[in-house]
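Structure record follows, encoded as structure tokens.
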Amino acid sequence: MQRILVLNGPNLNLLGKRQPNIYGKLTLDDIEANCAEIAKTLGITVKFTQSNHEGELIDRIQTASENFDGIILNAGAFTHTSVAIMDAIGSVETPVLELHLSNIHKREEFRHNSFVAKVAIGMICGLGANGYPLALQAMRDYLQAQNQG
Ligand code: CA2
């Protein structure tokens with residue numbers, strides 16, 4: 001059974017409470033509950049976490065391989081600024097799939113660059129909360145393919 005860590009970055013704890021026009025009405029707890037349901041149908045285990053702190057996210061990326069086979073990462077605004085998170089991903093074997101609720105390419109210019117994208121296996125963005133189950137399925141399939149290869 002594949003074990004997947006869903007890691008959410010800064011301000012994502014505010015989901016559903018502010019700016020629903022951009023990020024939707026669901027709270028992070030709602031999304032976590034959806035992920036737990038989907039995990040059962042996908043035959044995977046999922047741990048869902050959030051941190052507002054760059055160093056904490058880095059620690060979780062560095063230690064993920066102790067308990068997880070893959071990481072789904074919505075690094076929030078650190079996506080566009082953090083060479084340190086990029087380096088952490090680059091330094092581990094655990095595959096990372098980048099995820100965003102909004103379509104970062106359709107938004108302000110400063111959101112178009114992603115440091116995470118340079119080291120991620122792929123990216124899902126612009127599909128709102130639906131991106132989370134899609135990312136879980138994509139990571140499950142990626143890990144399965146790796147194990148067969
Ligand atoms: O679209 C995404 O998932 C983002 O990672 C969300 C980040 C943003 O900085 C990225 O460019 C794209 C922002 C998360 C902040 O979430 C809030 C939710 C509700 C109210 C305020 C912020």
Side-chain angles (χ1 to χ4, degrees), residues 2-42 44-65 67-143:
Q2 317 285 9
R3 305 157 302 168
I4 299 176
L5 174 65
V6 181
L7 199 46
N8 293 285
N11 297 312
L12 286 160
N13 53 313
L14 299 176
L15 276 185
K17 297 167 188 161
R18 313 247 171 88
Q19 298 186 290
N21 50 321
I22 302 179
Y23 297 118
K25 288 188 193 150
L26 295 186
T27 66
L28 204 59
D29 285 348
D30 294 331
I31 296 175
E32 178 174 4
N34 286 347
C35 286
E37 275 304 306
I38 296 288
K40 289 183 210 159
T41 64
L42 291 175
I44 57 175
T45 65
V46 173
K47 182 171 161 77
F48 199 92
T49 61
Q50 188 271 336
S51 173
N52 287 326
H53 306 282
E54 188 175 17
E56 181 67 37
L57 294 166
I58 290 168
D59 287 345
R60 292 185 196 176
I61 291 165
Q62 285 184 5
T63 57
S65 68
N67 297 299
F68 303 101
D69 304 301
I71 303 171
I72 309 295
L73 176 63
N74 184 347
F78 288 144
T79 303
H80 320 296
T81 61
S82 181
V83 173
I85 288 178
M86 177 184 75
D87 284 348
I89 298 168
S91 73
V92 297
E93 303 242 316
T94 317
V96 173
L97 196 160
E98 178 175 4
L99 174 64
H100 299 286
L101 295 152
S102 62
N103 181 350
I104 58 173
H105 302 292
K106 216 168 131 181
R107 300 183 63 193
E108 305 94 323
E109 187 89 29
F110 66 84
R111 294 187 204 272
H112 297 180
N113 178 59
S114 166
F115 285 105
V116 174
K118 299 176 195 307
V119 283
I121 59 169
M123 180 201 285
I124 292 175
C125 78
L127 303 179
N130 284 339
Y132 281 79
L134 292 171
L136 288 174
Q137 182 174 348
M139 180 59 85
R140 194 266 320 252
D141 293 350
Y142 177 88
L143 293 169

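Just so you know, ligand 1 is whichever comes first in the structure, and atom 1 is the first atom listed for that ligand.
Closest heavy-atom contact between Tyr23 and Leu15: CB-CD2, 3.5 Å.
Scored by the side chain to side chain donor-acceptor pair (under 3.5 Å) test, Lys106 finds no partners at all (sequence neighbours excluded). By the side chain to side chain contact (heavy atoms under 4.5 Å, CB included) test, Ser91 pairs with no residue at all, sequence neighbours left out.
With no hydrogens or angles considered, a side-chain donor-acceptor pair links Ser114 and Glu98 at under 3.5 Å. For the residue pair Ser51/Arg60, the side-chain donor-acceptor check at 3.5 Å is not satisfied.
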Donor-acceptor pairs under 3.5 angstrom involving side-chain atoms of residues 120-143: please list them, not counting sequence neighbours.
residue : atom : partner : partner atom : Å
Tyr132  : OH   : Asn8    : OD1          : 2.6
Tyr132  : OH   : Asn74   : ND2          : 3.4
Arg140  : NH1  : Leu42   : O            : 2.9

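Pocket lining of ligand 1, defined as residues with a non-hydrogen atom under 4.0 Å away: Pro10, Asn11, Leu12, Leu14, Leu15, Arg18, Gln19, Tyr23, Asn74, Gly76, Ala77, His80, His100, Leu101, Ser102, Ile104, Arg111.
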